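Report on one structure; see the data block that follows.
Keep in mind that this is a model prediction, so the values were computed, not measured.
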Amino acid sequence: MKHNRLLGYARKNINLYLFCFLMLIIQVGVRVIAPTLLARIVDEVIGKRNYEVFPRLLVLMAISYTLPGLLGYAQEYASDKLSKRTSCALRRDVFAAITAQDGEFFSSRTPADLMSRTTSDTDNIGFIFGFCGIFLIEIVAIVVTQFGALARVSMKCALVPLVLLPVIAYLAIRSEMKGDKISDAISDKRADLNAAASEAIMGIRTVKSFGKEDKERRRFGREAGIFRGLSVTFDSLWINWCTPQSIIALMMVPLAILVGGIEVIKGSMTMGELSMVMEYTSELSWPMMEIGWLLVEVSSARAGWRKVKAILDRKSSIRDGEIEKKEERGTMAFENVSFKSGDRTLLENVSFEITPGKTVAIMGPSGSGKSLIASLAVRFIDPTEGRVTINGVDMRDLTLSASRSFSSIVTQDVFLFSDSVRNNIALGNRRSANDEDIKKAARDAEAASFIEKLENGWDTVIGERGVGLSGGQKQRLSIARAFMRKNQLLILDDATSALDMETERDIERTVREEGTRSLLITAHRISAVCSADEIIVLDDGRIAERGTHQELLKKKGLYWETYISQYPEEGERA
C-alpha cells in the first residue's frame, strides 16, 4: 500500500492526523493509569479499610474510564473525516485520469468496471487511510503500553500474552494473505455485476422488444450468485481465521489471572496488583480480536489500490503539445495518414484537405475506416503514420484544447444529459451561451419546432441519453449543441442517419449558407453526401475513389454501386 502518491493524500490532511494522534496519546496514557487507581481501591480501601481516599479515587476512576470514551468519539469522528477526504481526493484523481485516457483505454474497459474503480475501490482505500489507519496505530500503541505496564507489575503474568501474541500475529497475517486474493476477485466480480445490471437497464427497450427479460434476469442472477459465493468465501475466511484469534485473545485474561492468582497465594503479589493484571490483560485482548478484521480490510484496500494505481499510472497515448494557438479559420489536412491496431492496418495512406467553407464526405462500407477518420480529426486518437495538420501544424504539436477547439463532432450514438433541453444545447458553449444563441443553434439544426411543442418547452428535462425523445429529435439536439461551439470544422459522423432526407438537406444547406464552417461528413446514404465538394470512397481502409457526385457516377465504381442500390430506379434507367 505504500506509495508516494498515497502519502501525498496523507500530507494534505496533516492537521487531522495530528489531532487524531493527540487524542490517541491522551487515551493511551489514561488507559495505563486507570488500572492503578483500581489497584489502590482494592488494596487501600477494601484491604486496609482506608475509606478517606475512596471518594477521590472513585472520582478519578470515573474520569479515567469516561475520558477515553469521549476522546475516542472525537478521534473516530476525525478519522472518519480523514477517510472521506482521502476517498474524495482519490476519486477526483482517478476520474481525471480516466477522462484523460485515449480511445484504446475505453475500448478495453467497461463503464461498470471504471465506475467500480471510482466508487468502491476508492472508498476502501480511503477507509484504510482514515479510520483503519488510525485504528491500527491505536492498536499498536495500546499493545505496547499495556504490555509494558503489565510487565512492570508482573513479568510472569506478562509471559502469557508474550507467548500468545505471536500465534495471533501468525493467524492474522495468514488471513490477510488469503483475503488479498479473494478481495481481488471480489473487486473484479463487482464490476461484472454492475455491468450486467447497467447494460440491461440502459438497453431495456431492446431487452423488452426481443422478449429477453428472463435471459437478463438469469444473467444478472448468475453474476449475483458468483459475487455472493466470493463474498461468502471472504466472510468464511474472516470467521475461520479471526475466530481462533478471538478465542486465543480471550484466553489471555483467565490465564493471566491464573498465573497472578498463584502469585497472590504465594504472597508475592497483592490483590490490587492482580486487579491491574486483569485490566491490562483485558486491554491487550480486545486489540488482538480486532486485528484480524483490520487486516481483512487492508486486503480489500490493497486489491482496490492495484486496480486504481493501474489507471493512475497509465499514460494516454494522446499527449498535450506545446503550441497553444487556436485557429478560428484554417485548413485541416490528412497527409499520408495510416492507423494500425496491433497487426491490423485499419487505415492506409489517406490524404485529403478540408479548406474553409468546403464540404468533404467520406463513404464506404462498415469497417472501411469512416469513423476512424472522424476520430483522427478531433484527435481522439493519433495516426501511427503520417500526420493530421491544421494550417500546416501537426495536431500533435498543438495543445489538446487548441486542436479540439478547431472542430466539433456529432456522432450517431447520441448522448444527452439528464438536464433541460436548454442546458443540453448550451453545453456546446456554456461560457457565452445566451437564449438567442441557443435558439438560433436549435433553428439551424431544425430542432426548434419540436422543442417548442414539448411540455415545458426549452426547460423540459429529458432523461439520460435522451429518453423520451425520438432518434431524430436526439440527433437534432446533438447537432444544435455542436452548432453552439461555433468551430471551424463540423464533423457529422453518420449523425444524420435518424433524420429524414429533407431535414438532412436543410441542415447541410444551413451550414453551407453560413459560409464560415467546413464540413466533414461520414455516411452510408447517398443523400447525405451527394452535394459535397469532394466525396472520398473508402474500401478496406484505403481510398478507392474520390471526386464529386457526378464524377463518381461516371466512373461506375463502388460509389455507383452504392447509388443504384439505394436508387434502383436510376440503375434501371442507366
Practice problem: Look up atom OG in Ser79 and atom CZ in Phe131, then write down how far apart they are to the nearest 0.5 Å. | Solution: 5.5 Å
Quiz item: Just by modelled atom types, is the Glu263 backbone N or O under 3.5 Å from a matching donor or acceptor in the Ser268 side chain?
Solution: yes
Self-check item: Under 3.5 Å side-chain donor-acceptor pair for Arg31 and Gln146
Solution: no
Quiz item: Roughly how far apart are Lys307 NZ and Ile125 CD1, rounded to 0.5 Å?
Solution: 10.5 Å
Self-check item: Separation between CG of Leu284 and CH2 of Trp286, rounded to the nearest 0.5 Å
Solution: 10.5 Å
Exercise. May I ask you to say whether Arg91 pairs ionically with Asp123, meaning some side-chain N is under 4.0 Å from a carboxylate O?
Key: yes
Quiz item: With a 4.5 Å limit on heavy-atom distance, are the side chains of Arg56 and Arg40 in contact?
Solution: yes
Quiz item: With no hydrogens and no angle check, is any side-chain donor or acceptor of Thr118 less than 3.5 Å from a backbone partner on Phe95?
Solution: no
Quiz prompt | Side chain proximity check, Lys156 to Met269, heavy atoms < 4.5 angstrom | solution = no
Quiz item: In Å, rounded to the nearest 0.5 Å, how long is the span from CG of Leu71 to SG of Cys20?
Solution: 11.5 Å
Practice problem: Look at the rings of Phe21 and Tyr17 and say which category their plane angle falls in: under 30° parallel, 30 to 60° tilted, over 60° perpendicular. | Solution: tilted
Quiz item: Would you find a donor on one side and an acceptor on the other, under 3.5 Å apart, between the side chain of Ser282 and the backbone of Met278?
Solution: no
Quiz item: When you measure from the side chain of Tyr73 to the backbone N and O of Pro68, does any donor-acceptor pair fall under 3.5 Å?
Solution: no
Quiz item: Between Ser87 and Thr122, is there a donor-acceptor pair closer than 3.5 Å when you use the side chain of the first and the backbone of the second?
Solution: yes
Exercise. Start with the C-alpha distance between Arg379 and Arg396, add both sets of side-chain angles, then the distance that settles side-chain contact (heavy atoms from CB on, under 4.5 Å), and finish with yes or no.
Key: CA-CA 8 Å; Arg379 212 184 166 208; Arg396 286 170 291 201; 3.6 Å; yes
